[in-house]
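This one's a predicted model, so the numbers in the text were calculated from it and none came from an experiment. Just so it is clear: chains get the letters A, B, ... in the order the sequence lines come, proteins before strands, and each one is counted from 1.
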Amino acid sequence: MKNSVNKKAEHANQIALLIIKAMVGVVVLILMALLGYILITGIPNVSWHFLTSPSKDFGAGGGIVNELFNSVYILIITLVISCPLALGAGIYLAEFAKPSFLTNTMRTTIEVLSSLPSIVIGLFGYLVLVIKFQFDFSIISGAFALMFVNIPLLTRNTEESLKAVSHSQREAGWALGLSKWRTILKIILPAAVPGLVTGIILSAGRIFGEAAALIFTAGQSTPVISYANWNPFSSTSFLNPMRPTETLAVHIWKLNTDGITPDATQISSGASAVLIIVILSIILLSRFLGNYLYKKMSGTK
Amino acid sequence: MHYQRLLPICLAAVGILMLTGCGSKNKQNTVTAVGSTAMQPLVQKAGSDYQAEHPKVSITVQGGGSGTGLSQVETGAVNIGDSDIFAEQKDGIHAKKLIDHQVAVVGIAPITNPKNGVNNLSEKQLENIFLGKIKNWKEVGGKDLPIIVINRAQGSGTRSTFEKSVLKGKDAVKSQEQDSNGTVQKIVENTPGTISYLSLPYLNNQVKVLSVDHIQPNYQNITTNRWKIWSYEHMYTNKQPSPTTKKFIAYIMSKPTQQKLVKAAGYVSIHDMKVQMDAAGKVTHKPK
Amino acid sequence: MNKMQQRLLHPSKATRQDRFGKTISLICIGFIMILTVSIIGFIAIHGLATFFENHVSVMQFIFSSNWNPGQLGKNGQPQVGAFAMIVASFAVTLLAAILATPFAIAVALYMTELAPKRGAKMLQPVIELLVGIPSVVYGFIGLVVIVPAIRSVFGGTGFGILAGSIVLFVMILPTITSLTIDSLQQVPDHYRKASLALGATKWQTIYKVILRAALPGILTAIVFGMARAFGEALAVQMVIGNAALTPTSLTSPTATLTSQLTSQMGDTIMGTLPNNALWSLALVLLIMSVIFNLLIKVVGKRGEMKK
């Protein structure tokens with residue numbers, strides 16, 4: 001009797017694991033087809049010239065150097081603004097907030113924010129940042145708009161990863177006489193680093209690929225800029241955060257929707273391939289950094 | 001790692017960024033043009049050429065749609081509002097507060113998927129297709145294939161131009177709607193049975209351009225109004241444009257820009273037009 | 001004595017640190033809440049203007065499917081009925097989530113429970129990569145690959161809810177997978193060991209212990225996945241047909257709230273009815289997303305493991 005139950009369970013086990021593996025196989029196939037498609041159609045269009053020359057409004061032979069730099073620059077600024085905020089908010093929700101109606105409402109509100117279409121955030125940013133605060137079409141307006149896009153995910157992710165750190169670690173901190181705050185900073189945050197890194201990677205990817213929120217805030221054209229001008233106050237400097245900017249994703253969007261260059265398709269597929277490669281390197285780099293930090297701060301090997 | 005130190009650094013960085021913003025503003029020499037996405041490449045190229053000649057001036061060109069352009073120039077948020085349609089045709093815009101600068105003319109051509117087997121339609125047939133009365137390509141001499149109408153988004157300048165001259169005020173059949181030339185072009189290229197329309201600068205050889213009553217949509221026919229589906233590209237300013245704005249528009253209207261840039265971009269030079277159109281859509285001969 | 005009193009009555013260093021920390025984190029959450037509330041308020045004000053300023057009846061807005069905000073209907077009323085779009089948005093999001101969740105959980109289980117080493121190293125970066133691909137690229141691939149495929153299998157034009165759901169399925173897969181992985185990793189190891197020690201098979205451990213323990217996290221993952229699907233415009237717009245028609249089947253062209261919103265926003269004038277109607281769509285989207293969110297939470301409460 002007992003044996004048959006075991007056999008049944010064993011059987012179910014094998015079938016279930018097989019199904020899981022089959023589903024993973026399907027996903028891997030989809031992934032390979034998708035990435036293969038983008039890379040195969042894109043890579044032949046990527047050349048040194050393509051990576052180092054500015055884009056053209058019409059006529060063939062434009063490159064993506066400004067767009068590539070802009071994307072990375074705006075990503076860094078957005079993360080600089082939103083990470084501390086999301087970290088603080090996540091800490092509050094996970095460590096200080098008492099379970100109450102208000103706390104739950106806060107959570108729901110933040111989650112709901114993430115379902116807003118990017119265009120709505122873009123328009124809000126346009127009316128408030130570009131017009132009201134007179135930031136004009138600029139990297140700063142774009143970065144603030146992007147902050148709306150990635151704060152929900154980042155905040156909830158921080159909260160979840162902090163909560164996941166086992167309670168015994170907290171108790172250990174308190175037992176050592178550390179204040180709650182010190183415990184959070186010195187013990188819980190380091191232990192939560194891998195989870196935090198996932199959140200940052202996901203939101204960084206989203207920012208990198210975001211177009212609609214930027215069209216009305218960062219703009220969709222880049223003025224003439226010089227990479228030799230390091231003064232961030234000069235309007236032709238590549239570092240000036242107040243200049244309008246066009247990111248790679250916006251460029252791809254524009255080429256596909258209203259591009260009139262004869263080689264729009266080639267440029268857009270080349271740019272997509274470059275975009276993927278850049279994101280992949282960001283992901284690998286941040287995983288590596290995350291692991292390094294984790295090992296260093298939590299003392300595990 | 002010291003988080004306590006990271007936070008002030010981040011805050012300081014944000015502060016500096018804000019300060020740069022306030023520091024580097026010089027409204028006198030900047031021109032911001034916002035609006036029609038279809039006009040954006042043209043204005044942008046003109047802008048960067050102009051900037052190359054006048055290094056002190058900074059010209060920002062952004063898209064966003066004709067509606068955005070018109071409403072923003074009216075509130076004074078931007079210097080120039082690019083639009084595909086007359087301000088008079090847009091509800092909620094006080095056209096009297098604005099000055100209209102017509103900088104180019106754009107033709108619009110009906111396009112289909114090459115597999116439909118039709119090269120020419122009569123004006124009536126085209127109208128009935130977009131009214132939903134003709135439903136299969138074999139009714140107009142093509143293959144046995146259901147017609148899929150792809151319209152432009154409601155409120156779009158291209159759509160109102162097309163509907164005014166083809167449907168003459170009747171309501172188009174409820175159909176798919178896309179908001180950009182590029183998307184329309186891609187869908188028509190990839191879907192048998194589709195029909196739509198595009199601005200001439202966006203045409204390519206992957207889609208079939210239809211003639212209407214055997215008149216081809218080309219440069220010559222537009223200048224004489226033999227090809228009737230066309231519209232102006234407008235740059236609206238308020239009643240007192242800044243000197244820089246005035247100079248920039250004068251630059252676009254100048255002979256060299258019109259002959260080289262405007263033509264190269266696929267538009268019809270405003271100087272070549274033998275007819276003119278008013279906001280109500282009435283076409284008259286241009287006085288010499 | 002005095003010194004003693006002072007030390008006892010004044011907050012200790014630890015207390016001050018706690019206060020400092022609490023204040024900073026409170027400022028952060030406060031700031032985020034201000035931003036969130038301001039954007040939601042902004043949408044609400046513009047969205048409600050359709051009903052209060054333009055006097056469109058709420059019933060008509062929700063239950064009629066005649067969408068043509070630029071023109072007046074035969075009865076003189078503006079034609080703003082969002083029913084078709086509400087149905088389509090709902091259907092697309094739900095279908096995409098139903099499709100994506102099992103696959104996401106399978107991949108997450110594979111990476112954490114079955115083949116942690118190989119899975120995590122190779123698969124995870126690639127899946128995360130998917131988040132960053134711009135919507136337009138997804139839309140374009142959907143248009144050239146998925147729409148023709150559906151057309152040849154099911155007939156019709158190929159545009160519709162099915163095509164939209166398939167594209168969204170790929171787009172939300174990474175979000176759900178990554179967040180699910182995190183919550184699976186957070187299940188304490190002794191749960192697994194205890195279950196295996198009781199003689200449970202691997203599947204029993206996964207199904208009865210790990211998934212239950214990770215449920216709240218998985219639900220958050222689904223919420224975020226659905227939110228992404230809900231708010232996605234450009235990709236969906238290219239494959240769903242973007243026609244404001246009530247869907248009659250999974251393969252008939254229709255439009256979602258977001259796709260209509262995005263495609264018409266640029267051509268309307270702030271403060272006019274067509275523009276207000278678009279903000280109302282955004283408001284409907286927000287409300288629907290709140291309902292979704294609460295529903296999932298309720299379901300989650302039921303399945304949650306008692307602690």
Taking A:Ala164, A:Ser161, A:Gly122 one by one, which has the highest count of heavy-atom pairs under 4.5 Å against chain C? A:Ala164
Counting neighbours of NZ on A:Lys21 that are heavy atoms of other residues, nucleotides or ligands and sit closer than 6.0 Å, is the number greater than 12? no
What part of [X] is in contact with chain C, defined as an atom under 4.5 angstrom from a non-hydrogen atom: side chain, backbone, both or neither?
| X | result |
| --- | --- |
| A:Val26 | side chain |
| A:Leu153 | both |
| A:Ile20 | both |
| A:Leu35 | side chain |
| A:Val250 | neither |
| A:Ile276 | both |
| A:Thr155 | side chain |
| A:Thr109 | both |
| A:Ile184 | neither |
| A:Ile279 | both |
| A:Asn157 | side chain |
| A:Ile30 | side chain |
| A:Ile38 | side chain |
| A:Leu93 | side chain |

Only one of A:Gln169, A:Lys180, A:Glu95 forms a side-chain contact (heavy atoms from CB on, under 4.5 Å) with A:Ile188, so which one is it?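 Passing option: A:Glu95.
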Between A:Phe216 and A:Phe124, does the ring centre distance come in under 6.0 Å?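 Ring centroids of A:Phe216 and A:Phe124 are no less than 6.0 Å from each other.
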Quick one: are [X] and [Y] in side-chain contact, heavy atoms under 4.5 Å?
| X | Y | result |
| --- | --- | --- |
| A:Tyr37 | C:Val144 | yes |
| A:Trp181 | A:Ile91 | yes |
| A:Leu189 | A:Leu87 | yes |
| C:Gln204 | C:Ser195 | no |
| A:Asn150 | A:Arg206 | no |

I'd like to check the side-chain hydrogen bond (donor to acceptor under 3.5 Å, both in side chains) partners of A:Thr105; sequence neighbours left out, ordered by chain and number.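 None.
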Among pairs that include at least one residue of residues 174-191 of chain C, which meet salt bridge (charged side-chain N to carboxylate O under 4.0 Å, His left out), considering only residues two or more places apart or in two chains?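 Those involving residues 174-191 of chain C are C:Asp189-C:Arg192, C:Asp189-C:Lys193.
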Looking at [options], which one has more heavy-atom pairs under 4.5 Å with chain A than the rest?
| options | answer |
| --- | --- |
| C:Phe31, C:Phe140, C:Tyr138 | C:Phe31 |
| C:Ile127, C:Ile40, C:Leu286 | C:Leu286 |
| C:Leu109, C:Ile133, C:Thr258 | C:Ile133 |
| C:Val170, C:Ile181, C:Ile105, C:Val107 | C:Val107 |
| C:Leu278, C:Leu35, C:Val223 | C:Leu35 |

Using the rule given for salt bridge (Lys or Arg N to Asp or Glu O under 4.0 Å), can you reason through A:Glu160 versus A:Lys163, listing the C-alpha separation, both sets of side-chain angles and the distance that settles it, and then say yes or no? CA-CA 5 Å; A:Glu160 296 280 333; A:Lys163 275 188 175 161; 5.7 Å; no
Could you tell me whether A:Arg287 and C:Glu128 have a side-chain N and a carboxylate O separated by less than 4.0 Å? yes
Non-hydrogen atoms of chain A under 4.5 Å away: do they reach the side chain of C:Leu26, the backbone, both or neither? both
Could you tell me which portion of C:Leu114 (side chain, backbone, both or neither) has an atom closer than 4.5 angstrom to a non-hydrogen atom of chain A?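 Only the side chain of C:Leu114 comes within 4.5 Å of chain A.
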